[in-house]
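Structure provided below as structure tokens; questions to follow.
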Amino acid sequence: MSYLIYGANGYTGELIAREASRRGHRPLLAGRDARAVAALAAELGLEHRSFALDDPRALEAGLAGAAAVLHCAGPFTATSRPMVEACLRRRAHYLDITGEIDVFEACAARDAEARDAGIMLLPGAGFDVVPSDCLAAHLERRLPTATHLTLALLPSGRLSRGTAATMVEHAHRGGLVRRGGVLTRVPPGWRTISVDFGRGARAAISIPWGDVATAFHSTGIPNIEVYVAAPAAARLSLRLSRFLTPLLRSRAVKSYLKRRIRRGPPGPGPEERARGRTIIWGEVRDDAGGRARSRLVGPEGYQFTVLTALATVEQVMAGRAPAGFQTPSRAYGPDFVLQVPGVERVDL
Ligand SMILES: NC(=O)c1ccc[n+]([C@@H]2O[C@H](COP(=O)([O-])OP(=O)(O)OC[C@H]3O[C@@H](n4cnc5c(N)ncnc54)[C@H](OP(=O)(O)O)[C@@H]3O)[C@@H](O)[C@H]2O)c1
């Protein structure tokens, strides 16, 4: 049995397929674009398959011989559900690289079905959310009485076209935090805080990042906020976007923005990926005044995604795939991310 990479011809899927092949893995490459997938498979000497996600029979047949699927075709709000259903029917483990809160919660809701099928559902095996989820679990380990978790990201470099298009899909929905254990809507750019990522204080603005969903499942901490460091102009644009909600909801506007995105490069180039570093800062607090802070430094975001996704696949293929819905830290512990080359964690 091998594993299957779906969306292998996308920017991130291809990076993962190339690194998997370099490591001597033999994944099945798949996607809906037969020509693109076949060309990549021929170059890497791997088997390939072409099928779409909207034909359940073809999708199920496409998973034949795969013990696990690494799903790389997003936006995942549009693609995850049919793949999860096929994995449940085929009893193949499901991994993806989503950062979309709806997808995490939809997978969490299928925990019992996944346990019955004996498969693991682990969405978020990329930069969002492996490092931040492991950091959250580490902070909770340091302060088990924590009631509040704050995470802040200092990303590096550009977004891929696929990530930008996924953000356009969700742009009208505003911000999201967790309060008292419940996902709670807040305006976009609702709050700005000051964070020291190790290079002096930086302004960071609230964003609806995946940990608002996953860190609750990993740690049980009921109040969670996530921030990203951003320059003043970007923070202002995010705050002003609240006045554009009807526009951002419009299909025509979304299509226009995606067409513009498609004109750009597919994602950061090799040098940018090799040079870039990401930093994640986290803090937990409890009601008695207890506090713990830690910081994690790692590779550029897309490079990080390749490394964490394949580290997760390697666990699964070695038989370590606890059944049911899992977060990275729940499945493999808070220190899982430390096995990724170039990752360092410090307690502050
Ligand atoms: N969590 C993280 O840290 C992280 C990191 C990287 C990427 N991502 C996410 O991963 C996704 C892909 O990003 P990317 O940069 O690789 O994008 P990309 O280069 O645009 O590739 C997207 C891939 O998904 C496929 N696809 C899209 N919609 C599909 C559908 N309805 N049915 C079947 N296949 C479909 C595309 O197939 P076609 O070529 O046939 O259109 C292509 O193979 C995005 O949602 C992005 O946000 C997350």
Side-chain angles (χ1 to χ4, degrees), residues 4-19 29-41 48-56 58-59 62 69-83 86 95-104 122-133 153 155-171 207-211 213-214 226 228 258-259 261-269 273 276 278 280 298-312 327-328 337 340:
L4 180 139
I5 301 176
Y6 190 84
N9 62 305
Y11 171 75
T12 315
E14 181 178 336
L15 292 177
I16 292 174
R18 288 186 183 282
E19 173 61 15
L29 302 190
R32 64 181 173 182
D33 182 337
R35 269 208 349 219
V37 175
L40 179 66
H48 71 275
R49 293 167 185 181
S50 163
F51 52 91
L53 300 175
D54 53 8
D55 176 349
L59 172 49
V69 171
L70 176 55
H71 192 17
C72 298
F76 291 90
T77 35
T79 64
S80 169
R81 188 187 163 131
M83 187 61 91
L95 314 173
D96 72 26
I97 56 165
T98 192
E100 294 157 81
I101 289 168
D102 293 354
V103 175
F104 291 121
L122 194 154
F127 173 61
D128 189 351
V129 292
V130 173
S132 46
D133 185 61
L153 319 166
S156 87
R158 281 176 296 156
L159 299 178
S160 73
R161 287 194 297 226
T163 303
T166 301
M167 287 168 72
V168 166
E169 256 329 297
H170 295 275
I207 49 164
W209 194 251
D211 299 276
T214 47
V226 185
V228 65
K258 286 185 189 170
R259 276 199 304 278
I261 289 166
R262 272 198 291 274
R263 282 192 224 130
R273 287 196 304 274
T278 50
I280 306 177
E300 182 274 345
Y302 292 91
Q303 180 63 12
F304 218 146
T305 294
V306 170
L307 298 174
T308 54
L310 288 178
T312 311
T327 62
V337 69
V340 171

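Counting from 1, the numbers follow the sequence of the chain as shown. Indexing begins at 1, ligand by ligand and atom by atom, following the structure's order. Computed from a predicted structure; not experimentally measured.
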Practice task
Show which atoms of ligand 1 fall inside a sub-4.0 Å distance from at least one heavy-atom site of T163.
Solution key: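 Counting atoms of ligand 1 from 1, those under 4.0 Å from T163 are 7 (C), 46 (C), 47 (O).
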Handout entry: Per-atom contacts of ligand 1 with S160, taking only distances under 4.0 Å to non-hydrogen atoms
Key =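 Reading through ligand 1 atom by atom, the close ones are 14 (P), 15 (O).
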Problem - Heavy-atom check, side chain of V129 versus side chain of T327, under 4.5 Å - result: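 No - every pair of side-chain heavy atoms lies 4.5 Å or more apart.
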Handout entry: Residue T79 vicinity, atoms of ligand 1 by number, heavy atom under 4.0 Å
Key =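 Atoms satisfying the 4.0 Å criterion: 29 (C), 30 (C), 31 (N).
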Practice task
Between I97 and ligand 1, find which residue part has any heavy-atom pair under 4.0 Å and reply side chain, backbone, both or neither.
Solution key: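 Both backbone and side chain.
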Handout entry: Atoms of ligand 1 close to Y11 [distance to a heavy atom under 4.0 angstrom, numbered from 1]
Key =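 This gives 15 (O), 16 (O), 18 (P), 19 (O), 21 (O) as the contact atoms.
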Practice task
Answer whether the closest heavy-atom distance between the side chains of L4 and R49 falls below 4.5 Å.
Solution key: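 With C-beta onward as the side chain, the pair touches.
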Practice task
Could you tell me whether the side chain of T79 and the main chain of A73 form a donor-acceptor pair under 3.5 Å?
Solution key: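 Checking the backbone N and O of A73 against the side chain of T79, a donor-acceptor pair under 3.5 Å is found.
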Practice task
For residues Y6 and R32, report the shortest heavy-atom separation together with the two atoms involved.
Solution key: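 Closest approach of Y6 to R32: OH-N, 3.5 Å.
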Practice task
Taking the side chain as every heavy atom from C-beta outward, state whether L122 and P328 have any pair of such atoms under 4.5 Å apart.
Solution key: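 Side chain of L122 against side chain of P328, heavy atoms only: contact under 4.5 Å found.
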Problem - Nearest-contact summary for atom 14 (P) of ligand 1 - protein heavy atom, Å - result: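 Result for atom 14 (P) of ligand 1: T12 OG1, 3.5 Å.
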Exercise for the section: Would you mind reporting whether V340 and F304 have side-chain heavy atoms less than 4.5 Å apart? Expected result: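 They are in contact (side-chain heavy atoms under 4.5 Å apart), so the answer is yes.
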Exercise for the section: Around atom 5 (C) of ligand 1, find the nearest protein heavy atom and jot down its residue, atom name and distance. Expected result: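 The closest heavy atom on the protein side is T305 OG1, 3.3 Å.
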Practice task
Give yes or no for whether the N/O distance cutoff of 3.5 Å, strictly under, is met between L53 and ligand 1.
Solution key: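 No, L53 has no N/O under 3.5 Å of an N/O on ligand 1.
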Practice task
Please say whether A73 places an N or O atom under 3.5 Å from an N or O atom belonging to ligand 1.
Solution key: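 Such a contact does not occur with ligand 1.
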Problem - Heavy-atom side-chain contact between F76 and P123 under 4.5 Å - result: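 No, every pair of side-chain atoms sits at 4.5 Å or beyond.
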Exercise for the section: Working to the nearest 0.5 Å, report the span between CD1 of I261 and OG1 of T163. Expected result: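 With rounding to 0.5 Å, CD1 (I261) is 10.0 Å from OG1 (T163).
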Practice task
Take every heavy atom of C72, measure it against each atom of ligand 1, and state whether any distance is under 4.0 Å.
Solution key: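 Judged by the 4.0 Å heavy-atom criterion, C72 does count as contacting ligand 1.
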Practice task
Look at the aromatic rings of Y302 and Y11 and report parallel, tilted or perpendicular, splitting at 30° and 60°.
Solution key: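 Ring orientation of Y302 relative to Y11: perpendicular.
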Problem - Atom indices of ligand 1, in the order listed, that fall short of 4.0 Å to a heavy atom of G7 - result: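 Answer for ligand 1: 43 (O).
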Practice task
Provide the number and element of each atom of ligand 1 under 4.0 Å from a heavy atom of D33.
Solution key: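 Answer, ordered by atom number: 40 (O).
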Problem - Atom pair CG (D102) and NE2 (H170), whose distance is rounded to the nearest 0.5 Å - result: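 Atom-to-atom, D102:CG and H170:NE2 are 6.5 Å apart.
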Exercise for the section: Check if R161 has a non-hydrogen atom at a distance under 4.0 Å from any atom of ligand 1. Expected result: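 For ligand 1, residue contact (heavy atoms, under 4.0 Å) with R161 is absent.
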Problem - Candidate with minimal heavy-atom separation from atom 13 (O) of ligand 1, of G99, P268, G162, A164 - result: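 Minimum heavy-atom distance to atom 13 (O) of ligand 1 goes to G162.
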Handout entry: Inter-residue atom distance E19.CD - T305.OG1, 0.5 Å rounding
Key =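 It is 13.0 Å, given to the nearest 0.5 Å.
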Practice task
Looking only at distances, please establish whether an N/O atom of ligand 1 is found under 3.5 Å from an N/O atom of R32.
Solution key: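 Between R32 and ligand 1, an N or O pair is found under 3.5 Å apart.
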Exercise for the section: Have a look at ligand 1 and work out which part of D128, if any, has a heavy atom under 4.0 Å from it: side chain, backbone, both or neither. Expected result: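 It is both parts that get close, each with some atom under 4.0 Å.
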Handout entry: N or O contact, Y302 vs ligand 1, cut-off under 3.5 Å
Key =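 There is no such contact.
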Practice task
Name the closest protein heavy atom to atom 27 (C) of ligand 1, giving the residue it belongs to and the distance to 0.1 Å.
Solution key: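 Checking every protein heavy atom, the shortest distance to atom 27 (C) of ligand 1 gives G74 O, 3.2 Å.
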Exercise for the section: Could you tell me the residue and atom name of the protein heavy atom closest to atom 43 (O) of ligand 1, and the distance to it rounded to 0.1 Å? Expected result: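 Among all protein heavy atoms, the one nearest atom 43 (O) of ligand 1 is N9 OD1, 3.0 Å.
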Practice task
Evaluate the side-chain proximity of L53 to R81: yes if any heavy-atom separation is below 4.5 Å, no if none is.
Solution key: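 Heavy-atom side-chain distance check fails, nothing below 4.5 Å.
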Handout entry: Nearest protein heavy atom with distance in Å, relative to atom 21 (O) of ligand 1
Key =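 Looking at atom 21 (O) of ligand 1, the protein heavy atom closest to it is G10 CA, 3.3 Å.
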Exercise for the section: Over all heavy atoms of both residues, which pair between G210 and I101 is shortest? Give the atoms and the distance, please. Expected result: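 Taking G210 first and I101 second, the nearest heavy atoms are CA-CG1, 4.0 Å.
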Handout entry: Nitrogen or oxygen of T166 less than 3.5 angstrom from that of ligand 1
Key =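 There is such a contact, yes.
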Exercise for the section: For ligand 1, note which part of A36 has a heavy atom under 4.0 Å away: side chain, backbone, both or neither. Expected result: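 For A36, no heavy atom sits under 4.0 Å from ligand 1.
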Practice task
Give a yes/no verdict on whether any heavy atom in Y6 is under 4.0 Å from an atom of ligand 1.
Solution key: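 Right, Y6 reaches ligand 1.
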Exercise for the section: Look only at the side chain of T278 and the backbone of E300, and say whether a donor-acceptor pair between them is shorter than 3.5 Å. Expected result: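 Looks like no, no N/O pair under 3.5 Å.
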Problem - T98 and ligand 1 - part of the residue with a heavy-atom distance under 4.0 Å - result: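 Under 4.0 Å from ligand 1, T98 contributes backbone atoms alone.
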